[in-house]
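A quick write-up on the structure given underneath.
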Amino acid sequence: MSTKPADSRYRFYKNKDKDLTALRQRRNEVTVELRKAKRDDCVQKKRNVPQDLADEKDDSLQGKSLHSIVVNASSQDPTEQLGAVQAARKLLSKDRNPPIDELIESGILPVLVKCLEREDNPSLQFEAAWALTNIASGTSEQTKAVVKADAVKYFMKLLESPHQNVCEQAVWALGNIIGDGPGLRDFVIQHGVVKPLLKFVSPNVPITFLRNVTWVIVNLCRNKDPAPPMDTIKEVLPALALLIHHQDLNILVDTVWALSYLTDGGNHQIQVVIDSGVVPFLVPLLSHAEIKLQTAALRAVGNIVTGTDDQTQVVLNNGALSHFPALLNHHKEKVKKEAVWFLSNITAGNQSQVQEIINVGLVPLIIQTLETGEFLTQKEAAWAISNFTVSGSPQQVALLVECGAITPFCKLLDCMDTQVIQIVLDGLSNILKMAGEKSVTIATLIEEAGGLDKIEFLQQHENEEIYKLAFGIIDQYFSNDGDNAEVELLPQEVDGHFEFQAKDNLPPGGFKFC
Amino acid sequence: MFVEKLKEEVYDVIKNQRVLVLVSMDVDSLCACKILQWLFKCDNVQYTIVPVSGKEDLVRAYHEHYEQLKHIFLINCGGNLNILEILEPEEDVLFYISDSHRPLDLDNIYNQDQVKLLMKEGEHLSDEFEESDEEGSEPSSKRRRTGDGESPLSKRQSKRRWHQNRQEILYQYYAYAFHGSAASLVMYELAWKMSKDSNDLLWWAAVGLTHQYLYEKIDSDKYVTDAQNLHEHVMRHNHGRDDNGTSINCLKIGFDTELQLSLYRHWSLFESICHSRYTACRFRVWTNKGKNKIKEFLADMGIPLVQSQQKFSSMDFELRSILKPSVEKSSERFGLDEISYGSFNVQYGFKTKKEGTTKWDNFLEALDALSRTNTDKLQDGIEMGKKQLIAVVNQVNTLIGMNQVMCAGHFLYSHVRESKNKKAAALPFVLATPLDSEKAICT
């Protein structure tokens, strides 16, 4: 997109490296970082479940019984063996505090993996697979222990089992291993999991099984650094394109999350997703009655519009913007925030895309969220406005001002977030530049909104960028001696009497006139 | 529901109404009440003040006065009770609650119409119960298979688990009692927002806050934060130290480090050390060794015993002026690292300084003693405070001497018999105080 004629204008307005790609990318990084931090938080919380008193009590009892379980699980007597494996499985399926570590320490893993081989005894295979599933559902350490016991190989074999419950359990176990992170994900992919897994995406598979399969596909698409192999993505996408037509809510939600992970991996991946033809079916989900699904869909299309202008246009061509008046008035603040985030990436697009926003009547709504949203929503709205001033034509920016953007925009100038201050100052400075001769009117508007005081105050800001921006705005549009702002911009035209006034701004040596 | 815009959403609403004010009986409440009273006076608001202690008292007071009154203001009471359930009010009765007790009752928080919880700006979001919603979260990356979970069962199961989870969260929420910002600070904020704050109001807020700290209702972190906040107001009201002398009637508030010695300016240093909770516990005054240690402490500071047993105001001026630094220096050796803290003091005309600490002991004299025109009453209160402290320490002495202290988990407790010390038994909080001090000993 850097070849477009409009682009030269961006560079002109943004003196730094803030071209649009960079803008989008940075936004993306920040959100991802935040989301990651939040997810880590959640995980930690789950692990910090307080120890149940009742569980502590039977610890000593358990020690003995664990040992006998391990011994009996290798028993030659089939009933005894099945009973022991089942007992282990039951321990691991308790509501709280399953003794995962204790069982690993007692050496049960090789025993369970051996049970997976017993094609003559599908019940035993099922119970062992279940137990291993639950061990692999724990911490990364615990999952790795299962992998070290060479379980993946045998789970792969179980995918071919004639017994569906065994297949399903193997799928589940592999899902947990794949979900551990990019390392184990690719490890299982190398074992050839994708093809046999996708075979289960068929109409005669029971719904609970299909839910599990979909969830494993989510895990295959999840995690960046590195992203899943491109071949895998291409293999999985046709299945997702099928599943997005499914009736079941859980399957739909997982499918859409999988798509949102794939679209979160750079423009190339976005293109592959677009080529799979899912976008026309993804966009209508933005108005689905289930918030769960709405949120996921919003994330997925939101990721797509972080891509190139052409990629963004595909989403717009499917009528995405018509869903946004409702989304911006959503009762969940989180949805509102994501909706404005989406729009901020459209206003970062080209002029016709900005015009589409105007045509749907979204500008007043964005300004309204800028005014009344919670802070994080306001921040997204500030981005949307600021990007608008970069991408929009002078007429479009003038419309933005007419809709009353200046006042709520200026209000954000006394927040504590330096990034927000910077984008607001950027936006204001762009609006002033765009206004050309009418910059005096804009300046008055800013002053009336209390913005001038704040900008003056920001000249003392410790952040140099902010100081420069604030100083620049004051210097160009609010200097007392500057009815004729042009003169100041062109110091080389200074003649004798002007020396006095310029003095303050000059380096100690002063200008040299030769 | 929480209310932060105190002026718009509370004061402006009740300004033209008759208001019933129910006040709990502790220092913070009295201070808050004084501030509110003053605001009411400014605007000619009709009000009835009823002191209450305890839940039954609250219910009784409400039922005695509620007729014709539609606006009920509660100070340091009712926040942690489901107010609508226990009072069963008409639907048009509104409750305004400024209560430092935590946790606040969830029914109060989520009632949108009748209950307004007055909050200091920015307080409630951080430490209150927040609804957790699972909607829109990403699918989990690992799943454990529990139960035989097939669909009809699992739905009921997940519902059960949701209920369990809810119970647990609720239990954790209500598990521990603690205190939030002092009611007097909230009231002061209200006055400030209405530009009706003055040094007097500020002083009451300071007393309320100091009380919270000295009774260990809030930890020192919270105290320091709030005190800093208040300090800014102090600076605002007490800047411009004009050299031509402050007028006699001018109340002047300062902020300085203060010693955890009760009333020592109005007592003798020795007595104060013996009867202050902090030092009494640290030195173990009920043992002979402890008494000797106090003398050692005084000697270490270079204060003659005779001097220390005189009235503080009669002590050598030089000794008095170096008291704080020398206490601080010696306290390190004696393990009294928490003896000093930042506090407010007030100068009223030519009289001697009174610290924020001084007033915390007297609450029998209630509201009157807090107004500056009534220094006599304050003096009485101080005397009363001394008696009370002595009583407490004696009580603890006897209890320990008679081996009546019992240990129950984290707490030591003992039973104070009513007949034994008339004064002690008559005061509701004395029972709690030895408990507190015992706790201090065992830590």
Is the closest side-chain donor-acceptor distance between [X] and [Y] under 3.5 Å?
{"X": "A/Ser287", "Y": "A/Gln294", "answer": "no"}
{"X": "B/Asp43", "Y": "B/Tyr11", "answer": "yes"}
{"X": "A/Lys334", "Y": "A/Thr295", "answer": "no"}

Determine, using ring centers only, whether B/Tyr188 and B/His233 are less than 6.0 Å apart. yes
Quick one: which of [options] has the most heavy-atom pairs under 4.5 Å with chain B, could you say?
{"options": "A/Asn219, A/Val216, A/Asn212", "answer": "A/Asn219"}
{"options": "A/Val218, A/Asp254, A/Thr133", "answer": "A/Asp254"}
{"options": "A/Thr143, A/Leu293, A/Asn250, A/Ile207", "answer": "A/Thr143"}

Under the 3.5 angstrom rule, does the side chain of A/Gln142 hit a backbone N or O of A/Thr139 as a donor-acceptor pair? yes
Tell me, for [X] versus chain B, whether the close heavy atoms (under 4.5 Å) come from the side chain, the backbone, both or neither.
{"X": "A/Asn134", "result": "both"}
{"X": "A/Ala136", "result": "backbone"}
{"X": "A/Leu298", "result": "neither"}
{"X": "A/Asp180", "result": "both"}

Given A/Ser123, which partner from the list A/Val166, A/Asn165, A/Val85, A/Leu82 fulfils the side chain to side chain contact (heavy atoms under 4.5 Å, CB included) test? A/Leu82
